[in-house]
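Only one structure is covered here, and it is reproduced in the block below.
Just the heavy atoms: all of them, side chains too, but no hydrogens, waters or symmetry mates, feed the values below. Everything numeric here is computed off the predicted structure, so don't read it as measured data. Throughout, a chain's letter reflects where its sequence line sits, starting with A, and its residues are numbered from 1.
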Number of protein chains: 4
Amino acid sequence: MAVEQLVRAKRRKVSRLPAERRIADIMAAAGAVFAEKGYQEALISDIAERAGVVEGSIYRFFANKRELLVRVVEDWYQALIEEEEELFASMRGTWNQLRFIIHRHLLTIRRDPALSRLVFQELRPDPGYRGSQVFELNRIYTHKLTDVVRAAIETGEFRADASPSLVRDMVYGCIEHRTWSFLRNEGDFDLDNTADGIADMIYRGLVSDRAKPPDVVERLEEVAARLERAAGSGQENG
Amino acid sequence: MAVEQLVRAKRRKVSRLPAERRIADIMAAAGAVFAEKGYQEALISDIAERAGVVEGSIYRFFANKRELLVRVVEDWYQALIEEEEELFASMRGTWNQLRFIIHRHLLTIRRDPALSRLVFQELRPDPGYRGSQVFELNRIYTHKLTDVVRAAIETGEFRADASPSLVRDMVYGCIEHRTWSFLRNEGDFDLDNTADGIADMIYRGLVSDRAKPPDVVERLEEVAARLERAAGSGQENG
Amino acid sequence: MAVEQLVRAKRRKVSRLPAERRIADIMAAAGAVFAEKGYQEALISDIAERAGVVEGSIYRFFANKRELLVRVVEDWYQALIEEEEELFASMRGTWNQLRFIIHRHLLTIRRDPALSRLVFQELRPDPGYRGSQVFELNRIYTHKLTDVVRAAIETGEFRADASPSLVRDMVYGCIEHRTWSFLRNEGDFDLDNTADGIADMIYRGLVSDRAKPPDVVERLEEVAARLERAAGSGQENG
Amino acid sequence: MAVEQLVRAKRRKVSRLPAERRIADIMAAAGAVFAEKGYQEALISDIAERAGVVEGSIYRFFANKRELLVRVVEDWYQALIEEEEELFASMRGTWNQLRFIIHRHLLTIRRDPALSRLVFQELRPDPGYRGSQVFELNRIYTHKLTDVVRAAIETGEFRADASPSLVRDMVYGCIEHRTWSFLRNEGDFDLDNTADGIADMIYRGLVSDRAKPPDVVERLEEVAARLERAAGSGQENG
DNA sequence: TATGAATGAGTGTTCATTCAT
DNA sequence: GATGAATGAACACTCATTCAT
């Protein structure tokens with residue numbers, strides 16, 4: 001009997017938490033472990049321990065390690081999108097919106113470098129990426145940018161032949177390249193200057209020619225005015 | 001005796017090739033296997049078999065699987081750099097040079113998507129990347145682009161406040177983003193249009209304001225002059 | 001389906017034994033394999049098969065092959081110590097105790113030559129031996145002998161300048177040397193005579209000079225005294 | 001041609017030394033490497049490099065790694081025996097000779113702990129040890145001690161029932177046990193005191209009973225003398 | 001529903017020895 | 001005789017996943 005009591009005492013406290021809570025715990029633990037170790041090095045046993053469950057329990061909610069990663073990233077993305085949505089709503093003006101999106105993306109990478117890396121290194125190269133929910137979320141996430149570009153094209157602020165998708169690749173690709181060193185833990189980057197630099201380049205590259213060099217326009221307006229005046233005097237004469 | 005014969009029969013024909021040749025064989029085999037399977041899935045035994053050597057022989061020349069990958073990539077980069085060097089020499093004009101570099105890089109990815117992926121996915125995220133020879137080679141490889149930008153800044157063709165390194169990140173980042181779908185084997189990309197689009201965006205983003213649409217301004221000024229002259233004569237007449 | 005059946009057929013019958021039982025099975029198997037093949041030649045796969053588990057299961061309980069060896073030896077030592085303790089309790093008299101310890105140690109080697117060898121050849125030369133649990137167990141195991149010596153010194157039966165630790169080294173070293181031939185499987189040794197020979201040598205080497213033939217001298221002195229008294233009285237009379 | 005010269009320059013300088021010199025070089029290198037790394041960890045390639053030869057050359061003179069070890073040890077033993085022979089010649093008196101042999105053996109271990117260990121750990125446990133030349137050399141080496149014991153038995157200094165071989169095992173076994181800690185690099189030992197202690201124990205354990213406790217004998221002689229005197233006086237009376 | 005013991009496939013690496021040159 | 005490139009066998013260890021209890 002004494003032995004039995006001992007065994008019972010040793011037994012992990014079985015607690016029946018609502019599934020949602022369990023899932024949240026597991027995902028939080030998984031997020032932390034994936035961030036610390038990367039996908040390959042992360043151990044299911046580590047995640048289980050940190051979540052306060054046994055390995056088997058993880059498989060009740062997630063088909064496998066990969067799905068766990070995917071779900072963690074999906075959650076992160078979802079939250080990201082909502083947050084951006086809210087903040088973006090108050091932005092006015094193409095340049096401001098552009099700069100905001102770039103700035104926020106850089107900020108996201110700075111706040112969650114590990115998760116960003118997991119997307120870049122593990123998820124995106126995967127053959128099943130297109131077709132995945134993460135792909136779809138990324139679409140939504142980056143759509144804001146293409147929307148801004150498209151809108152500016154329509155108002156004539158941007159060239160009619162500008163390619164929103166190319167702009168998207170340029171912005172996100174540039175940011176990624178620029179932050180690899182940071183993602184490798186080799187030191188921080190200058191967020192504001194980088195955001196300004198990118199926004200500036202992109203804006204200049206897209207802005208309509210006629211709108212572009214305002215002084216030329218001004219001069220032309222002057223000329224037009226003079227002509228009008230001349231024409232006006234001629235009319236008076238005619 | 002039967003056993004002995006069997007053993008003897010199993011023995012691979014021993015051939016003593018010069019080390020260089022062996023190394024080349026192994027690297028060729030490794031390149032092929034890495035390209036087909038990716039780094040993780042590639043088996044040393046596969047590589048050995050394809051190279052016509054036993055596994056142990058690989059370790060005479062390469063410390064481990066990782067070094068083998070690195071050496072394969074290094075060789076590839078080296079050849080790339082030399083090839084570009086040659087072809088680039090005859091390019092004249094900033095825009096042409098820009099377009100050439102972009103076009104060639106896209107071509108490289110199309111010709112060697114697997115090796116490109118290995119760099120993006122395996123080598124670049126590695127904590128030891130900075131400090132590796134591949135990092136250095138990539139520096140050299142991308143230097144052509146920053147040189148072009150710097151030169152154009154000096155001649156005044158590009159804005160004085162343009163950032164060559166940002167341009168580099170923008171170009172290579174954009175290309176990478178644009179080609180991920182292709183790298184995932186989801187279909188080809190439009191090389192020429194992509195090259196044109198990127199070159200155009202970059203050029204417009206960098207060109208000096210005063211120089212910007214030089215012909216346009218000139219032509220407008222001419223038109224204005226003519227109009228003024230016309231107006232003037234009209235006035236004189238009036 | 002046929003393949004699936006094959007796979008299923010291959011699957012070992014899964015049985016969930018209590019951990020203690022599993023550990024015991026594995027240690028028993030390991031003990032046997034180590035004894036048969038020696039440490040180097042022993043294969044984990046052999047041990048697993050003999051224990052009726054897969055290799056991976058061994059690593060649930062033992063960090064590595066070395067730890068498995070150590071644990072097997074520890075268990076053996078522990079049992080040894082307990083057994084000796086019990087049997088030794090009834091021994092009276094220094095010589096008897098000495099002889100008992102020597103005899104038992106020889107017996108242990110005869111019963112478990114393979115494990116003895118593993119200690120002599122694998123564990124004791126190891127840089128980490130001191131500080132290991134086996135070292136501690138060996139200390140306890142050999143302490144009986146030094147205790148006997150110390151006790152005999154205190155009663156004056158043994159010389160005051162005798163060194164218990166030297167006696168220990170002499171006894172165990174001698175036994176080891178004497179049994180190497182047996183440990184090499186070159187034939188048995190004469191247990192009783194060896195035990196007697198060692199006990200005798202050690203006893204003679206340690207016993208106090210004055211105490212040596214204590215009764216003999218005393219009795220002779222008494223006799224002499226009586227004779228002297230007798231002679232004295234005779235003289236007085238004479 | 002330039003390349004050929006380069007290759008030629010890289011080629012190891014081929015020198016034809018007399019075989020004896022080669023063998024000596026290899027054995028010296030092997031001794032050093034075995035001592036540093038132990039048998040298992042020692043690499044033939046290391047030995048070859050240190051000896052200034054290629055691996056293949058070692059196999060011209062030694063059948064395999066094991067033989068190389070054996071030959072190194074044999075040489076060492078041979079030199080040892082000769083040295084002892086010379087020094088021992090001048091020793092007079094059983095105790096002195098005993099003490100000398102013990103002292104010299106301790107000295108040998110202190111001077112060559114690594115080689116000593118190789119004998120204890122690698123060679124002696126080997127199934128082929130008996131029958132090996134090293135076994136024979138060890139016999140010769142330890143014969144000095146049994147000779148001394150035998151001689152002392154013959155002169156009556158030692159008990160007639162003393163066992164020379166047991167003494168041998170006791171002496172060498174004790175020394176070995178005593179020095180394991182040193183052999184494990186855990187600190188030095190007190191050579192002189194150890195030698196004295198062992199010699200003393202052994203001598204006392206072996207010396208004839210009649211010779212044994214000289215004071216007892218003396219006292220008995222005194223008693224006897226008194227008795228004789230008493231008897232003498234009685235006789236005078238009688 | 002939770003547990004966690006058991007599974008078992010999978011592979012990079014070492015190095016003594018050989019032998020073509 | 002010397003070289004040293006090539007051989008190739010051999011094996012401990014990991015860990016995601018399953019499933020009996």
Side-chain angles (χ1 to χ4, degrees), chain A residues 11-17 19 22 40-48 53-60 62-66 68, chain B residues 7 10-19 22 40-48 52-66 68, chain C residues 7 10-19 21-22 40-48 52-66 68, chain D residues 11-17 19 22 40-48 53-66 68:
Chain A
R11 193 179 203 98
R12 180 197 295 269
K13 184 80 156 296
V14 177
S15 59
R16 274 170 196 274
L17 267 55
R22 275 284 155 103
Q40 297 279 357
E41 306 294 308
L43 301 188
I44 291 287
S45 55
D46 262 24
I47 295 169
V53 302
V54 295
E55 285 145 284
S57 298
I58 291 178
Y59 287 87
R60 278 203 52 73
F62 305 92
N64 50 40
K65 190 181 174 185
R66 190 86 189 171
L68 187 49
Chain B
V7 169
K10 255 183 138 183
R11 190 178 203 97
R12 185 192 297 270
K13 183 80 157 296
V14 178
S15 62
R16 297 173 79 81
L17 267 54
R22 275 278 187 249
Q40 296 279 358
E41 305 296 310
L43 302 187
I44 290 288
S45 54
D46 265 22
I47 295 170
V53 301
V54 295
E55 303 177 33
S57 296
I58 291 178
Y59 287 87
R60 275 199 67 72
F61 304 108
F62 305 93
N64 49 43
K65 191 182 172 184
R66 190 87 189 169
L68 187 49
Chain C
V7 169
K10 255 186 136 183
R11 191 178 201 98
R12 186 191 297 270
K13 183 79 158 298
V14 177
S15 62
R16 296 172 79 81
L17 267 52
R21 173 65 192 282
R22 275 277 187 246
Q40 296 279 357
E41 305 296 310
L43 303 188
I44 291 287
S45 55
D46 265 22
I47 294 170
V53 300
V54 295
E55 302 176 35
S57 296
I58 292 179
Y59 288 88
R60 275 199 66 74
F61 304 108
F62 305 93
N64 50 41
K65 190 181 172 185
R66 190 88 189 169
L68 186 48
Chain D
R11 191 180 206 97
R12 182 196 296 270
K13 185 81 157 296
V14 178
S15 60
R16 274 166 196 277
L17 268 54
R22 276 282 155 102
Q40 296 279 358
E41 306 295 308
L43 301 187
I44 291 287
S45 55
D46 263 23
I47 295 170
V53 301
V54 294
E55 285 145 285
S57 297
I58 291 179
Y59 287 87
R60 279 203 52 74
F61 304 111
F62 305 92
N64 50 41
K65 190 182 175 185
R66 191 87 190 171
L68 186 49

Over how many whole Å does the gap from [X] atom [atom1] to [N] atom [atom2] extend?
X	N	atom1	atom2	result
D/Glu41	E/dC15	CD	C1'	12 Å
C/Phe62	F/dT14	CZ	P	15 Å
D/Leu43	E/dT17	CG	C1'	14 Å
A/Ile44	F/dT14	CD1	P	17 Å
D/Gln40	E/dT14	CD	C1'	13 Å
B/Glu55	F/dA10	CD	P	13 Å
B/Lys65	E/dT14	NZ	P	15 Å
D/Asp46	E/dT14	CG	C1'	13 Å

### Query
Which stems does DNA chain E form, counting runs of 3 or more consecutive Watson-Crick or G-U wobble pairs with both distances under 3.5 Å?
E:2-21 with F:2-21
Locate the shortest heavy-atom distance separating [X] from [Y]; write the atom from each residue and the value.
X	Y	answer
B/Gly52	B/Arg22	O-NH1, 4.4 Å
D/Ala48	D/Val54	CB-C, 3.8 Å
D/Tyr59	D/Asn64	CE2-CA, 3.8 Å

Would one find a side-chain N or O of [X] under 4.0 angstrom from OP1 or OP2 of [N]?
X	N	result
B/Ser57	F/dT7	yes
A/Arg22	E/dA2	yes
B/Arg60	F/dG4	no
C/Tyr59	F/dT14	no

Students often get this wrong, so: under 4.0 angstrom with heavy atoms, is [X] touching a base, only sugar-phosphate, or nothing?
X	value
C/Phe61	sugar-phosphate
D/Ala42	sugar-phosphate
C/Ile58	nothing

### Task
Could you say whether B/Ala19 or A/Arg66 is positioned toward the 5' end of DNA chain F, judged by the nucleotide with the nearest heavy atom to each?
B/Ala19
### Query
Want to settle it: does A/Ser45 or C/Ser45 sit nearer the 5' end of DNA chain F, counting the closest nucleotide to each?
C/Ser45
### Spacing of A/Ile47 atom CD1 and A/Leu43 atom CG [to the nearest 0.5 Å]
8.0 Å
### Query
Heavy-atom distance under 4.5 Å between the side chains of B/Gln40 and A/Gln40, does that happen here?
yes
